[in-house]
*Asks:* 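Below is a structure I'd like to ask you about.
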Amino acid sequence: MHNIDMELIEMTLDVMKYAIHRITNTSLELGSPKKEEELRRLVGETITDRGIGGENAFQLFKDVLIKATVPIDHPRHLAFVPAAPTRAAIMFDLVTAASSIHGAYWMEGAGGIFCENEAMKWLVSLTGLPKPAFGVFTSGGTAANLSALVAAREYWRKNPEHQNIKGLIITSVGAHSSVKAMAKVIDVDLWLVETEDAMSGEALRSVLKTLDAQQRKRLFAVVGTGGTTNAGIIDDLSGIAEICETEKLWFHVDAAYGGGALAADSVRHLFNGIERADSITIDPHKWLFSPYDCGAVIYKDPQLAKEAHSQEGSYLDIFKDEGAHGFNPSDYQIQLTRRVRGMPLWFSLAMHGTDKYKWAVEQGILLANLAGRLIEANPVVELVREPSLSCVLFRRKGWTPDDYRDWTYKNQREGFALVTPTKWKQGGAYETVARFCFINPDTTEEDIVAILGTMG
Ligand SMILES: Cc1ncc(COP(=O)(O)O)c(C=O)c1O
C-alpha cells in the first residue's frame with residue numbers, strides 16, 4: 001500500500017483530473033439521496049479481503065456515490081447554511097491533505113500553523129477585539145462553541161465556591177442548536193430568553209432579576225448570537241456586553257454563520273459590541289468560503305483558554321519545552337491531533353486579498369435584499385420579515401406545511417434546487433415558512449426568479 005508503482009501514478013493522475021474538472025465545473029449536478037439498500041445494490045461490496053482496486057472504487061464513486069450528494073456550492077442550494085468554497089481554497093485543501101502536517105503543536109506543524117495564524121490575524125482584526133486576543137481553527141461552530149464554553153466554565157470554576165455546583169448559561173431561543181447541545185455535553189443548565197428575535201440587553205436584565213441567589217451564583221456565561229441560523233438576526237451585542245461586564249459574566253458570541261459579515265462594511269455596525277466579547281465563534285466554512293471543515297474560536301484572553309484546554313502527558317512534555325517553543329493550537333480548543341484546516345483559507349486570502357472577500361460577502365447581502373424585492377413584487381408569496389444578513393423568510397400564500405415539504409422534495413428530485421422550509425413564531429404559534437440563505441456569489445437573479453416560479 002505504501003509502494004510507488006504505475007498503478008499509483010495512474011490513479012494520482014485520475015484523481016487530479018477529477019479534481020480539476022470539479023474545481024472548474026460551472027454546471028454542477030444537484031444530486032439527491034438514495035436509500036442505503038439501493039446504493040449497496042448499485043455499488044456492491046467495496047470492502048473485501050483483496051480490495052476491489054482503486055480504479056474500480058473510484059469509478060463507483062464517480063458513477064453512483066457522488067450523484068447521491070448535493071454539492072454545497074450549487075448556486076441554487078439555498079437551504080440551511082450553504083457554502084461556496086473558493087476554487088483557490090479547494091485547491092489548497094488538496095495541498096493540505098498531501099502535505100501530511102500535524103496541526104497540534106508548533107514543533108511539528110510550524111509552517112502550517114504559521115499560515116493558519118496569518119489568516120487568524122485577519123479574522124481577529126474583523127472582530128475589533130484588542131490585543132492579546134487570538135484564536136484557533138476548529139472542526140466547526142459546534143466545536144468552537146464547546147471550546148469557548150469549556151474555557152468560560154473553567155475560568156468560573158477557579159473560584160473555590162463554584163467548584164461543586166452546576167453551572168448555568170443564559171442564551172435565547174434563537175441561539176443555534178449546538179449551543180444547547182454543548183451545554184448538555186458540559187452538563188450545565190440553560191436559561192432560554194424567550195425570543196427568536198434579537199435578544200436585547202433589557203431582556204437579559206429582566207432574566208437576571210428573576211434569578212434567585214443560588215441561580216445567580218451558578219450563572220457564569222451569556223451566549224449572544226451574531227446572526228441567527230434561522231433568520232440572520234443579530235442580538236444586541238453592546239447591551240449584552242455592558243451587562244456581562246458589570247455582572248462579571250463571560251460573554252460568548254456565536255457568529256458561526258454571521259461572522260463572515262464582519263467583513264461587510266454595509267452591515268458591520270450591526271455587530272457593534274462584539275469587540276467586548278470574551279470569546280467568539282466564526283465559521284470560515286460558512287460565509288468565508290472555506291471548504292469543510294473549518295470553524296474558528298477566538299478568545300479575548302487566550303491564556304484563559306490555554307488554562308482550560310492544554311493537555312498534560314509525559315509524551316507531550318517535549319512540545320512544551322522551550323526548544324519547541326511556539327504557538328500550539330491544541331492548547332486552545334478541545335482537539336489534540338488536528339489537520340491544519342485553516343491553510344486553505346490562508347492560501348485563498350493570500351491569493352485574492354481581503355477586498356475580494358468583502359465583495360463576495362456583500363454579494364450574499366445584496367442577493368437577500370434582491371430576493372426580498374422579488375418576493376414583494378410576486379403576488380403568490382410575501383415576506384415574513386425583512387431580509388436580515390443573507391437570510392430571507394417568506395410564505396407562499398395558502399400553503400400548508402405539507403405543501404412546503406412536497407415542494408422541497410420535488411425541486412431536489414428534479415435536480416433543480418435545494419430550498420427547505422423552516423418555522424417562524426408569530427404571536428405564540430409556529431408557522432411553517434420558506435427560507436433562503438445566500439452564501440454563493442454565483443447565485444443569480446434568474447435563479448431566485450426560477451425558484452419562486454416553482455411555487456406556482
Ligand atoms: C449560529 C450557528 N452556530 C453554530 C453552528 C454549528 O456549526 P457547525 O455545523 O460548523 O458545527 C451553526 C451551524 O449552522 C450556526 O449557524
Side-chain angles (χ1 to χ4, degrees), residues 70 72-73 77-85 89 93 123 127 135-150 152 169 171-186 190 192-193 195-199 221-235 237 240 251-262 267 270-271 274 277 279-298 333-335 338-339 341-342 344-345 361 364 368 388-393 418 420 422-423 435-440:
V70 174
I72 49 161
D73 49 346
H77 177 349
L78 306 178
F80 318 114
V81 180
D93 211 22
L123 280 192
T127 67
V136 282
F137 293 99
T138 63
S139 63
T142 305
N145 285 338
L146 175 58
S147 300
L149 292 179
V150 168
I169 294 172
T171 189
S172 76
V173 169
H176 188 255
S177 52
S178 64
V179 173
K180 299 158 195 170
M182 292 309 102
K184 272 195 216 154
V185 170
I186 63 169
L190 265 187
L192 292 181
V193 174
T195 181
E196 243 201 287
D197 235 304
M199 174 164 65
V222 177
V223 180
T225 307
T228 60
T229 320
N230 207 20
I233 296 165
I234 301 163
D235 286 341
L237 302 181
I240 299 171
F251 180 29
H252 176 65
V253 178
D254 178 4
Y257 151 62
L262 290 167
V267 294
L270 301 174
F271 292 87
I274 199 167
S279 53
I280 302 171
T281 291
I282 299 176
D283 271 1
H285 71 199
K286 292 190 167 66
W287 210 355
L288 287 171
F289 317 109
S290 284
Y292 294 147
D293 44 21
C294 185
V297 57
I298 298 171
Q333 41 80 51
I334 56 166
Q335 204 175 352
R338 61 184 285 282
R339 90 195 288 264
R341 54 170 55 87
L345 175 65
V361 174
S388 189
L389 293 182
S390 68
C391 285
V392 188
L393 298 188
L418 186 65
T420 48
T422 187
K423 290 196 175 69
R435 172 179 173 279
F436 288 148
C437 180
F438 296 98
I439 295 286
N440 193 336

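In listed order, ligands and their atoms are each counted from 1.
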*Asks:* So, taking the atom named CG in Leu149 and the one named OG1 in Thr171, what distance separates them when rounded to the nearest 0.5 Å?
*Replies:* 9.0 Å
*Asks:* Quick one: look up the protein heavy atom nearest atom 6 (C) of ligand 1 and list residue, atom name and how far away it is.
*Replies:* His176 CE1, 3.4 Å
*Asks:* Quick one: does Lys286 get an N or O within less than 3.5 Å of an N or O on ligand 1?
*Replies:* yes
*Asks:* Which residue supplies the protein heavy atom nearest to atom 3 (N) of ligand 1, what is that atom called, and how far is it?
*Replies:* Asp254 OD2, 2.7 Å
*Asks:* Is it the case that the side chain of His285 and the backbone of Cys294 share a donor-acceptor pair, with hydrogens and angles ignored and the cut-off at 3.5 Å?
*Replies:* yes
*Asks:* Under 3.5 Å, N or O to N or O, is Asp283 touching ligand 1 that way?
*Replies:* yes
*Asks:* Measure the distances from the heavy atoms of Gly295 to every atom of ligand 1 and state whether one is below 4.0 angstrom.
*Replies:* no
*Asks:* Which heavy atom of Asp93 sits nearest to which heavy atom of Pro344, and what is that distance?
*Replies:* OD1-CG, 3.4 Å
*Asks:* Tell me if a side-chain donor or acceptor on Lys180 pairs with a main-chain N or O of Ala175 at a distance below 3.5 Å.
*Replies:* yes
*Asks:* In sequence, state the C-alpha distance, the side-chain angles, and the governing distance for Trp287 and Leu389, and then conclude on side chain to side chain contact (heavy atoms under 4.5 Å, CB included).
*Replies:* CA-CA 11 Å; Trp287 210 355; Leu389 293 182; 4.1 Å; yes
*Asks:* Gly141 to ligand 1: N or O pair under 3.5 Å?
*Replies:* yes
*Asks:* Taking only heavy atoms of Gly140 into account, list the atoms of ligand 1 that are under 4.0 Å away from them.
*Replies:* 10 (O), 11 (O)
*Asks:* Determine the minimum heavy-atom distance between Arg435 and Ala79, stating which atoms define it.
*Replies:* NH1-C, 4.0 Å
*Asks:* List the closest protein heavy-atom neighbour of atom 11 (O) of ligand 1: residue, atom name, distance to the nearest 0.1 Å.
*Replies:* Thr142 OG1, 2.5 Å
*Asks:* For ligand 1, which atoms, with element, lie under 4.0 Å from some heavy atom of Tyr257?
*Replies:* 16 (O)
*Asks:* Of all heavy-atom pairs between Ile334 and Ala143, which one has the smallest distance, and what is that distance?
*Replies:* CD1-CB, 4.3 Å
*Asks:* List ligand 1 atoms under 4.0 Å from Ser178, heavy atoms only on the residue side.
*Replies:* 4 (C), 5 (C), 6 (C)
*Asks:* Just jot down the ligand 1 atoms closer than 4.0 angstrom to any heavy atom of His285, in number order.
*Replies:* 10 (O)
*Asks:* Give the contacting part of Thr228 toward ligand 1: side chain, backbone, both or neither, where contact means a heavy-atom distance below 4.0 Å.
*Replies:* neither
*Asks:* For the NZ atom on Lys423, are there more than 12 heavy atoms of other groups (residues, nucleotides or ligands in this structure) within a distance under 6.0 Å?
*Replies:* no
*Asks:* Regarding Asn440 and His77, is there a side-chain donor-to-acceptor distance under 3.5 Å anywhere?
*Replies:* no
*Asks:* Distance to 0.1 Å, residue and atom name: give those for the protein heavy atom nearest to atom 16 (O) of ligand 1.
*Replies:* Thr229 OG1, 2.7 Å
